[in-house]
Amino acid sequence: MSTFKSDFLRTLQERGFIHQISDEAGLDDLFAKETVTAYIGFDPTAPSLHAGGLIQIMMLHWLQKTGHRAVSLMGGGTGMVGDPSFKDDARQLMTVDTIEANIASIKRVFSNYLTYGEGPADALMINNAEWLRGLNYLEFLRDVGRHFSVNRMLSFDSVKTRLEREQSLSFLEFNYMILQAYDFVELNKRYGVRLQMGGSDQWGNIVNGIDLGHRMGTPQLYALTSPLLTTASGAKMGKSVNGAVWLNADMLGPYEFWQYWRNTEDADVTRFLKLYTTLPMDEITRLSQLGGAEINEVKKILATEITALLHGRAAAEGAAETARKTFEEGAISGDLPTVEVPAGELEAGIGVLAAFAEKAGLVASNGEARRQVKGGGLRVNDVAVTDEKAVLTARDLTPEGVIKLSLGKKKHVLLKPV
């Protein structure tokens with residue numbers, strides 16, 4: 001394992017961010033001797049990024065922290081095409097209005113991790129629509145397209161897997177890698193960008209950009225990828241039982257976000273402390289040596305630190321306190337996820353299985369709810385459900401005017417009549 005001279009690469013290495021680098025020594029020299037501008041691209045496919053994208057945002061955070069210039073590139077142009085990398089089928093095409101609305105919504109998260117502005121180490125938020133939407137097709141084919149070998153493009157894993165499964169790869173998607181490579185060259189010309197970072201599934205696309213830069217006369221460009229993360233049990237990062245773990249607070253509140261990290265598997269705790277928090281490494285080493293019951297306290301620290309970065313320290317500590325009251329005192333907190341139900345439905349009565357499955361979404365189906373009842377896993381107002389035919393009515397409302405549904409000890413939803 002190389003020992004890097006530059007603070008940035010050393011930090012990334014000790015925290016577990018590095019999967020591949022195109023030229024380690026060259027990039028390390030560059031970082032050691034000048035302020036480097038580097039970017040990561042984010043596709044606006046939804047109004048929010050989810051926790052799977054946090055590793056990329058943290059890489060930009062450490063880039064700025066070690067004195068360099070971070071660029072978060074919004075795919076306002078490439079979003080019109082959609083990245084086909086390792087997808088089974090084509091993405092739904094989005095309208096320009098949807099793309100613009102998604103970008104405006106996604107931007108709100110970045111200022112929690114990066115300082116934007118005009119200074120030499122201030123981060124830049126750039127939209128590739130700036131140069132992509134106005135392209136002249138014939139000129140682009142002649143000036144850029146001629147540098148690409150279709151034979152080579154067909155050899156990329158992301159393309160090969162689609163073709164081997166005999167799934168259609170449209171000409172539109174085939175152009176995505178050309179546009180992404182062109183972004184790198186254009187960012188170098190306009191902003192002096194020398195490095196593109198991304199997940200390991202982006203390696204082929206990034207190297208394409210380096211190659212195009214060679215052919216179009218840029219200085220040496222570099223690639224750095226992070227490992228594609230899964231949890232210790234193989235689940236994809238950023239996905240929970242109830243769907244995506246969104247970063248925007250209006251799509252997932254601080255309490256649910258905190259809970260996601262509180263439920264980290266034991267084997268992942270140290271790795272996540274390194275990747276997703278800014279705690280010093282000696283503190284992480286100390287925490288990683290705690291075992292047994294103390295691991296739960298470490299998980300709370302992990303959850304609070306990650307939530308504080310995204311939602312602010314007050315919201316993170318509020319989430320931790322809500323959890324403490326809910327679990328330790330059996331209290332009901334208004335910060336718990338709440339589902340509104342028409343008062344009339346509650347008057348008529350809601351079957352307990354349907355309440356857990358259809359209303360609260362705590363289980364996937366009535367069948368799963370039935371199994372949980374048999375195992376004693378469901379509780380209403382902190383009392384175990386024993387009768388799968390039970391019906392919830394207004395009589396079950398607590399003094400706070402809600403019905404608290406719990407799956408195990410950690411998942412709670414309040415039903416609130418409206």
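No experiment lies behind these values; they were computed from the predicted model shown.
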About how many Å separate [atom2] of [Y] and [atom1] of [X], when rounded to the nearest 0.5 Å?
X: Tyr116; Y: Lys107; atom1: OH; atom2: NZ; answer: 9.0 Å
X: Leu12; Y: Phe4; atom1: CG; atom2: CZ; answer: 9.0 Å
X: Tyr176; Y: Leu179; atom1: OH; atom2: CG; answer: 8.5 Å
X: Leu309; Y: Thr278; atom1: CG; atom2: OG1; answer: 5.0 Å
X: Ile403; Y: Lys416; atom1: CD1; atom2: NZ; answer: 13.0 Å
X: Leu275; Y: Leu54; atom1: CG; atom2: CG; answer: 10.0 Å

Could you tell me which non-hydrogen atom of [X] sits nearest to which non-hydrogen atom of [Y], and how far apart they are?
X: Ala319; Y: Pro254; answer: CB-O, 4.0 Å
X: Ser48; Y: Leu247; answer: OG-N, 3.2 Å
X: Leu114; Y: Ala70; answer: CD2-CB, 4.1 Å
X: Leu221; Y: Gly209; answer: CD1-O, 3.9 Å
X: Thr270; Y: Ser288; answer: OG1-CB, 3.0 Å
X: Pro227; Y: Ile18; answer: CD-C, 4.1 Å

Just by modelled atom types, is the [Y] backbone N or O under 3.5 Å from a matching donor or acceptor in the [X] side chain?
X: Arg10; Y: Lys5; answer: yes
X: Thr264; Y: Trp261; answer: yes
X: Asn188; Y: Thr218; answer: no
X: Arg69; Y: Gly192; answer: no
X: Asp43; Y: Thr45; answer: no

Between Arg133 and Val96, does the side-chain contact (heavy atoms from CB on, under 4.5 Å) criterion hold? Intermediate values first, please. CA-CA 10 Å; Arg133 281 192 198 157; Val96 171; 3.6 Å; yes

Run the numbers on Lys411 and Gln259 for side-chain contact (heavy atoms from CB on, under 4.5 Å), then give the verdict. CA-CA 8 Å; Lys411 295 205 170 94; Gln259 267 310 129; 6.0 Å; no

Let's go through Ser6 and Asp28 carefully: what are the C-alpha distance in whole Å and the side-chain angles of both, what is the deciding distance for side chain to side chain donor-acceptor pair (under 3.5 Å) to 0.1 Å, and is it a yes or a no? CA-CA 6 Å; Ser6 60; Asp28 195 28; 2.7 Å; yes

Any side-chain heavy-atom pair from [X] and [Y] closer than 4.5 angstrom?
X: Asp211; Y: Arg152; result: yes
X: Leu378; Y: Leu407; result: yes
X: Lys65; Y: Thr11; result: no
X: Trp258; Y: Lys300; result: yes
X: Met197; Y: Ser226; result: no
X: Asp183; Y: Trp131; result: yes
X: Phe140; Y: Ile178; result: yes
X: Lys359; Y: Glu345; result: yes

Assess whether side chain to side chain donor-acceptor pair (under 3.5 Å) is satisfied between Thr78 and Asn128, documenting all intermediate values. CA-CA 7 Å; Thr78 38; Asn128 63 12; 2.9 Å; yes

Does the distance from a Lys or Arg side-chain N to an Asp or Glu carboxylate O, for [X] and [Y], drop under 4.0 Å?
X: Arg313; Y: Glu305; value: yes
X: Arg371; Y: Glu368; value: no
X: Asp266; Y: Lys299; value: yes

Does the side chain of Gln180 pick up a donor-acceptor pair with the side chain of Gln202 at under 3.5 Å? yes

Which residues satisfy the side chain to side chain contact (heavy atoms under 4.5 Å, CB included) test with Thr225, sequence neighbours excluded? His19, Gln20, Ser200, Trp203, Ile206

Identified ring pair (Phe, Tyr, Trp, His ring centres under 6.0 Å) counterpart of Phe8 within the set Phe17, Tyr222, Trp62, Phe31: Phe31

Test side-chain contact (heavy atoms from CB on, under 4.5 Å) on Val298 and Leu302; report intermediate values, then the result. CA-CA 6 Å; Val298 180; Leu302 172 74; 5.6 Å; no

Check the pair Asp396 / Leu346 against side-chain contact (heavy atoms from CB on, under 4.5 Å), numbers first and verdict last. CA-CA 9 Å; Asp396 295 297; Leu346 202 55; over 6 Å; no

